[in-house]
2 protein chains.
Amino acid sequence: MSSVVSLAEISRAARPLNWLDSIIKGDCVAALNALPDNSVDVVFADPPYNLQLGGMLHRPDQSLVDAVDDDWDQFASFEAYDAFTRAWLLACRRVLKPTGTLWVIGSYHNIFRVGAILQDLHFWILNDIIRRKTNPMPNFKGRRFQNAHETLIWATPNAKAKGYTFNYEAMKAANDDVQMRSDWLFPICSGNERLKGDDGKKVHPTQKPEALLARILMASTKPGDVVLDPFFGSGTTGAVAKRLGRHFVGIEREQDYIDAAAERIAAVEPLGKATLSVMTGKKAEPRVAFNTLIESGLIKPGAVLTDAKRRYSAVVRADGTLASGGEAGSIHRLGAKVQGHDACNGWTFWHFEEGSSLKPIDELRSVIRNDLAKLN
Amino acid sequence: MSSVVSLAEISRAARPLNWLDSIIKGDCVAALNALPDNSVDVVFADPPYNLQLGGMLHRPDQSLVDAVDDDWDQFASFEAYDAFTRAWLLACRRVLKPTGTLWVIGSYHNIFRVGAILQDLHFWILNDIIRRKTNPMPNFKGRRFQNAHETLIWATPNAKAKGYTFNYEAMKAANDDVQMRSDWLFPICSGNERLKGDDGKKVHPTQKPEALLARILMASTKPGDVVLDPFFGSGTTGAVAKRLGRHFVGIEREQDYIDAAAERIAAVEPLGKATLSVMTGKKAEPRVAFNTLIESGLIKPGAVLTDAKRRYSAVVRADGTLASGGEAGSIHRLGAKVQGHDACNGWTFWHFEEGSSLKPIDELRSVIRNDLAKLN
DNA sequence: CTAAAAGCTGAATCCTAAG
DNA sequence: GCTTAGGATTCAGCTTTTA
């Protein structure tokens with residue numbers, strides 16, 4: 001898995017070719033044009049934001065902010081940025097299946113232009129999603145509100161496209177049995193997750209957190225689907241797709257990013273089939289979940305939970321449900337089921353191992369709640 | 001306070017006219033064109049969202065959702081909506097002071113178009129703000145994420161406008177002493193706050209919560225400022241402006257909305273002056289020169305100052321400069337120089353000995369400022 | 001050794017009055 | 001218009017150093 005393919009190779013080869021699970025080196029639009037029609041289930045795009053930064057910015061302690069001033073984020077004008085945006089969006093639509101959807105992420109610098117062009121091209125917006133950051137960079141000069149979020153747009157290729165994938169039940173179960181909202185909260189990508197070179201410096205200036213991609217793919221794809229990222233960067237989309245049993249295609253111009261992404265993806269261990277099964281609706285086993293803990297890394301998919309006396313055990317799945325003895329469901333339903341009860345508070349029933357002792361998962365929820373409380 | 005003025009009256013009258021704290025009946029652009037240049041401190045605009053709703057929507061219990069399908073929300077095309085948007089934005093810019101700012105609120109149906117046009121017209125975006133709703137309407141069909149937010153854009157009339165009002169200190173203090181973020185959480189407008197007619201039905205379909213307007217006005221205006229709302233509706237902007245000691249101007253076409261707004265605003269009791277005073281930071285303090293400390297005898301020529309960790313030291317000279325190792329300059333320049341920085345706040349960097357402890361010379365400046373305050 | 005303190009950093013359109 | 005200089009300004013999370 002995860003080979004690197006040159007644009008020339010794709011163009012030469014008879015289609016279909018082995019471009020799945022590979023990184024295509026080259027210009028985004030040219031590479032897209034080399035791919036077959038209707039071949040991709042979801043596009044996730046993290047295009048340049050066109051930040052238009054002025055001079056240097058210092059923190060109050062006089063240290064210099066390491067700004068995003070790379071060449072790839074420079075555009076001569078809004079017109080140039082708009083033309084670029086139209087080109088890659090049109091190229092993406094051709095390779096998208098009629099039932100596919102497209103995600104774009106951006107900030108106020110570019111997202112309004114992207115959104116308006118999406119509408120002009122007759123894409124159909126399903127949602128705008130707010131990626132709230134728990135730990136954004138402050139506004140050092142006190143002249144604006146702290147810019148604490150980014151915006152995602154989720155759209156179908158046209159207004160009449162109805163067959164797109166949205167794992168509504170799984171999202172709802174993963175959100176304590178209420179439907180998933182349009183405002184999502186994640187930490188920025190830092191710590192061990194952040195790729196660093198031999199010099200200790202970040203490999204890519206804008207690496208996205210895996211938790212964000214995990215929610216996007218769990219919401220809008222099924223296992224085996226093909227996910228295309230036309231601005232692959234350090235390969236977060238590929239890493240999460242592989243882990244979640246989805247195919248990926250990445251397009252990237254810079255060899256340094258390609259090298260880092262290929263190595264990163266090669267190290268990813270895919271999750272097992274049982275962990276990946278996605279809830280399909282009311283016909284599926286009644287389930288609930290708790291995936292903020294999963295997305296935050298407090299509990300990992302595949303982890304085993306037990307009750308306080310270790311009479312029962314269950315495995316955590318990636319969509320935020322539990323599985324045990326052929327049964328699956330939310331923490332509440334499965335807790336009830338294994339005990340033969342009608343109801344159960346999964347938060348206090350299920351425990352995790354810490355050292356040699358067992359603790360209720362409710363303690364982990366408190367951790368999250370404390371974080372949330374700080375934001376309100 | 002709060003009279004209703006016809007467009008004809010304004011046009012006939014010699015300016016300046018008593019259009020403050022009144023509702024102007026008429027078309028938004030025509031009414032704006034009747035107002036003088038550079039006369040408004042803040043515009044708050046809640047334009048039609050151009051919702052493009054298809055058929056009727058029913059809840060799972062088959063009850064009908066009361067959608068926004070009013071005539072004023074219907075546009076023939078994106079082009080028509082864009083032309084309308086350009087027209088009112090340009091008209092607003094003319095009446096805005098150079099130091100003024102503009103707020104617009106919208107949803108994914110229209111905000112991307114509004115934002116892109118703002119940029120095309122060379123407005124300069126300061127922030128996009130997310131209004132998170134604690135109690136948004138669910139997605140009844142389970143085909144999308146619950147649309148739980150709206151987006152505001154805050155902008156200056158052009159990129160070079162620097163003198164706008166942002167009550168940073170007040171916002172920070174109101175937010176548990178950490179700077180205010182771009183994601184705001186409010187309940188939707190309901191209960192007693194929601195205006196209802198004699199028939200018990202809501203007066204306006206998109207009435208905004210007063211808490212939202214209060215935060216906007218507390219952040220970006222001073223008492224006595226003029227706030228213009230070109231889509232006045234049920235008059236939330238006017239009610240909050242009056243309560244907070246700001247002037248308002250509302251523009252509205254529909255007589256029913258005007259009547260409801262006028263009655264509502266008349267019932268508002270303004271807060272007292274003491275309640276309205278805005279918290280300010282050091283930026284607003286009178287300037288005190290370092291020389292003043294020497295002249296007043298608080299610091300004597302020849303005294304030795306150090307940084308908080310005694311890593312650097314300097315001698316006070318009679319002319320109000322510091323000297324250290326052959327270098328000399330203002331407290332700021334020399335502080336920067338000894339640290340190898342471009343800039344430095346000498347008031348907080350340099351310390352003097354008091355007993356056995358070190359104190360920043362900023363404390364001596366406070367002494368002077370307190371004396372000055374007694375003279376006023 | 002642990003605990004506390006200090007240091008570092010993140011998609012940033014980040015000052016303003018006086019001369 | 002310009003330049004110059006006074007001096008105001010940061011949150012959370014992780015890592016490294018010091019006590």
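Letters A, B, ... are given to chains in the order of the sequence lines, protein chains preceding strands, and every chain is numbered from 1.
Using a cutoff of 4.0 Å between basic side-chain nitrogens and carboxylate oxygens, Lys202(A) and Asp66(A) are scored as salt-bridged. A salt bridge links Glu150(A) to Lys133(A): at least one charged side-chain nitrogen sits closer than 4.0 Å to a carboxylate oxygen. Taking 4.0 Å as the cut-off between side-chain N and carboxylate O, Glu210(A) and Arg264(A) count as a salt-bridged pair.
Comparing dC14(C) with dG7(D), their C1' atoms are spaced 15 Å from each other, to the whole Å. Nucleotides dA18(C) and dA8(D) are separated by 14 Å at their P atoms, to the nearest Å. Between dT9(D) and dT16(C), the distance separating the two C1' atoms is 14 Å to the nearest Å. Comparing the C1' positions of dG6(D) and dT13(C) gives a spacing of 25 Å, expressed to the nearest Å. Nucleotides dC15(C) and dT10(D) have their P atoms positioned 14 Å apart, rounded to a whole Å.
Looking at DNA chain D, the stems built from 3 or more consecutive Watson-Crick or G-U wobble pairs, each pair with its key distances under 3.5 Å, are C:2-10 with D:11-19, C:15-19 with D:2-6.
Taking the centre of each ring, Phe231(A) and Trp88(A) come in below the 6.0 Å mark. Phe166(B) has its ring centre less than 6.0 Å from the ring centre of Phe145(A).
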Report, as a single string ordered 5' to 3', how protein heavy atoms within less than 4.0 Å touch nucleotides 11-16 of chain C: B base, S sugar-phosphate only, - not at all. BBBBSS

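Summarising the geometry, the separation between CD on Gln179(B) and P on dT9(D) is reported as 12 Å, rounded to the nearest angstrom. Following rounding to the nearest Å, Glu193(A) (CD) and dG10(C) (P) show an atom-to-atom distance of 14 Å. Rounding to whole angstrom units, CZ of residue Arg59(A) and C1' of dG10(C) are separated by 7 Å. For the pair Leu298(A) CG and dG13(D) C1', the computed distance is 14 Å after rounding to whole Å. Put simply, CG on Asp69(A) is 12 Å from P on dG10(C), counting in whole angstrom units. Rounded to whole Å, atom P of dG6(D) lies 19 Å from atom CD of Glu285(B). Residue Met180(B) contributes atom CE, which lies 16 Å from atom C1' of dT10(D) at whole-angstrom precision. For the pair Tyr168(B) OH and dC11(D) C1', the computed distance is 10 Å after rounding to whole Å.
In textbook terms, a nucleotide whose glycosidic angle is within 90° of 0 is syn, and dT13(C) is one such case.
By the 6.0 Å and 45° rule, Arg113(A) does not stack over the aromatic ring of Tyr81(A).
Sequence neighbours left out, not one pair with a member in residues 44-65 of chain A passes ring pair (Phe, Tyr, Trp, His ring centres under 6.0 Å). Sorted by first and then second residue, the salt bridge (Lys or Arg N to Asp or Glu O under 4.0 Å) pairs with a member in residues 152-164 of chain B form an empty list; sequence neighbours excluded.
Base engagement by Gln62(A) is indicated by at least one non-hydrogen atom pair under 4.0 Å involving a base atom.
Comparing atom distances between the Ser63(A) side chain and each of dG13(D), dT9(C), dT9(D) picks out dT9(C) as nearest.
Listed by chain and number, the residues in a ring-ring contact (aromatic ring centres under 6.0 Å, His included) with Phe290(B) amount to none (sequence neighbours excluded).
Under the side chain to side chain contact (heavy atoms under 4.5 Å, CB included) rule, Leu364(B) has a single partner from Val288(B), Ile299(B), Thr292(B), which is Ile299(B).
Taken residue by residue, residues 319-351 of chain B places heavy atoms nearer than 4.0 Å to DNA chain D at Ser330(B), His332(B), Ala343(B), Cys344(B), Asn345(B), Trp347(B).
Along DNA chain D, the nucleotide closest to Gly281(B) and the one closest to Asn135(A) are compared, and the more 5′ of them pairs with Gly281(B).
Side-chain N or O atoms of Ser330(B) include one that pairs as donor or acceptor with a backbone N or O of Arg333(B) at under 3.5 Å.
More than 12 heavy-atom neighbours from other residues, nucleotides or ligands sit within 6.0 angstrom of CG on Asp199(A).
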